Amino acid sequence: MRVEIWSDIACPWCYIGKARFTRGLAEFAHRDEVEVVFRSFELDPHGAKGVTAPVLEMLARKYGRTLDEARGMEEHVAASARAEGLEYRTEGRDHGNTFDIHRLLHLAAARGRQEQLLDLAFRANFAEERSVFDAEVLLALAVEAGLDGAEARAVLADDSAYAAEVRADEREAAELGANAVPFFVLDRRYGISGGQPAEVFTRALEQAWAGRELPEPAADAEACEPDRACAVPRA
């Protein structure tokens, strides 16, 4: 079975949803026969390269809230992350265009190190004092993931490198009707949107394996939409 996951490094529910999916997959009897592929999806595709803004300011601007209210929204997300055993900083993070990160993830996929780089990038963005929008940080993450530093630097220096692969993923997402992430596709037959509970993923894997229709997932699973802040309850 192949599971494809569309996500973006800037999406906190992708960070949380990946952890939940991993837990759900661990409970699936045929987990060793599941191939997981990560696909590109940009939440801010029109953002200028190299231009960043503090996350709290971005949330306040997009939702029309005060900084204190935006901080409360981040605390809600942080609580969900920490419940999954994930570290999450609510202060000091920045937000920007993730196209270069996706290009580097495609290089990592070609070298068999995609999930390693994805996990490191998620951790750097949400848990550590490192900006994934800085080229030198990205290069360090690539080397940490096991990629050749010179090759990674060459990809980052060439805006066309793996650009077609990123755009192809994004076109496929649109064709599949994915308008928010994380978005999970099982064997190109079943789609699941949002950061669902782990048990929902386990059940979906079991039923997809058996060739049955999937149960209706929770309608209120949190997700992130393009050009918008991620959906969280208003404080």
Side-chain angles (χ1 to χ4, degrees), residues 3 5-27 36 38-44 52-60 62-63 65 67-96 98 101-102 105 114-134 137-138 141 144-145 178 180-184 192-202 204 217-226 228-235:
V3 177
I5 306 174
W6 273 262
S7 61
D8 193 5
I9 293 299
C11 167
W13 297 113
C14 296
Y15 177 48
I16 295 166
K18 182 180 183 298
R20 291 174 176 173
F21 172 79
T22 299
R23 284 204 298 116
L25 178 62
E27 296 300 316
V36 180
F38 297 94
R39 301 293 191 191
S40 299
F41 191 105
E42 293 175 273
L43 289 175
D44 191 11
T52 62
V55 167
L56 290 180
E57 291 182 12
M58 180 272 294
L59 287 171
K62 286 186 176 289
Y63 275 112
R65 312 304 295 275
L67 283 176
D68 281 344
E69 288 171 330
R71 190 172 290 108
M73 295 162 68
E74 275 286 88
E75 288 293 347
H76 164 79
V77 180
S80 295
R82 290 164 188 157
E84 300 299 329
L86 301 172
E87 295 180 46
Y88 192 101
R89 292 189 300 120
T90 58
E91 301 277 355
R93 293 193 299 108
D94 53 6
H95 176 83
T98 55
I101 304 172
H102 286 296
L105 283 165
Q114 186 184 46
E115 187 168 10
Q116 288 85 348
L117 179 57
L118 181 65
D119 285 340
L120 288 168
F122 271 141
R123 181 173 179 79
N125 189 44
F126 292 108
E128 299 175 347
E129 297 288 342
R130 293 197 284 177
S131 173
V132 295
F133 306 102
D134 180 281
V137 171
L138 274 183
L141 292 173
E144 192 175 344
V181 287
F183 186 68
F184 303 80
I192 302 174
S193 183
Q196 302 285 345
E199 57 269 21
V200 171
F201 289 118
T202 303
D220 60 350
E222 297 93 340
C224 298
E225 299 179 15
R228 294 182 59 189
C230 298
V232 296
R234 288 177 175 262

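Remember, it's a predicted structure, so these values are computed and weren't measured experimentally.
A pairwise comparison of heavy atoms in H102 and S7 identifies CE1-O, 3.3 Å as the closest pair. Here the shortest heavy-atom pairing between E91 and L56 reads OE1-CD1, 3.4 Å. Looking at every heavy atom in both residues, P182 comes nearest to C14 through N-SG, 3.6 Å. Between A60 and A70 the shortest heavy-atom distance is N-CB, 3.9 Å. Heavy atoms only, all atoms of each residue included: L43 and C11 are closest at CD1-CB, 3.5 Å.
Note that the CG atom of L117 and the CG atom of L105 stand 4.5 Å from one another [nearest 0.5 Å]. Separation of atoms CZ (F184) and CD (Q196) is listed at 8.5 Å; rounding is to 0.5 Å. Separation of atoms CZ (R82) and CD1 (I16) is listed at 10.5 Å; rounding is to 0.5 Å. For the atom pair CG of L141 and CG of D119, the computed distance is 11.5 Å after rounding to the nearest 0.5 Å.
Residues N125 and I101 are not in side-chain contact: their nearest non-hydrogen atoms beyond the backbone lie 4.5 Å or more apart. In this structure the side chain of W13 reaches within 4.5 angstrom of the side chain of V77, judged on heavy atoms. With a 4.5 Å cut-off on side-chain heavy atoms, K18 and F38 count as touching. A 4.5 Å side-chain heavy-atom check between T98 and D44 finds every atom pair outside the cut-off. Counting heavy atoms from C-beta outward, R65 and L59 have side chains that stay 4.5 Å or more apart. Looking at I9 and L118, their side chains come closer than 4.5 Å, going by heavy atoms from C-beta outward. Between F21 and V3 there is a side-chain heavy-atom pair separated by less than 4.5 Å.
Partners of T52 under the side chain to side chain donor-acceptor pair (under 3.5 Å) rule, at least two apart in sequence or in another chain, do not exist in this structure. Remark: F126 engages Y15, Y88 in a ring-ring contact (aromatic ring centres under 6.0 Å, His included) (not counting sequence neighbours). Listed by chain and number, the residues in a side chain to side chain donor-acceptor pair (under 3.5 Å) with E144 amount to none (sequence neighbours excluded). Contacts of R93 classified as salt bridge (charged side-chain N to carboxylate O under 4.0 Å, His left out), with partners at least two apart in sequence or in another chain: E74. Applying the salt bridge (charged side-chain N to carboxylate O under 4.0 Å, His left out) test to E84 and every residue at least two apart in sequence or in another chain returns R20, R23. Contacts of E87 classified as salt bridge (charged side-chain N to carboxylate O under 4.0 Å, His left out), with partners at least two apart in sequence or in another chain: R123. With sequence neighbours excluded, no residue forms a ring-ring contact (aromatic ring centres under 6.0 Å, His included) with F183. The side chain to side chain donor-acceptor pair (under 3.5 Å) check on T202 picks up nothing, with sequence neighbours excluded. The salt bridge (charged side-chain N to carboxylate O under 4.0 Å, His left out) search around D134 returns none, not counting sequence neighbours. By the side chain to side chain donor-acceptor pair (under 3.5 Å) test, R130 is found to be paired with E128, residues two or more places apart in sequence or in another chain being considered.
Contacts classified as salt bridge (Lys or Arg N to Asp or Glu O under 4.0 Å) and involving residues 5-16 (residues at least two apart or in different chains) are not found.
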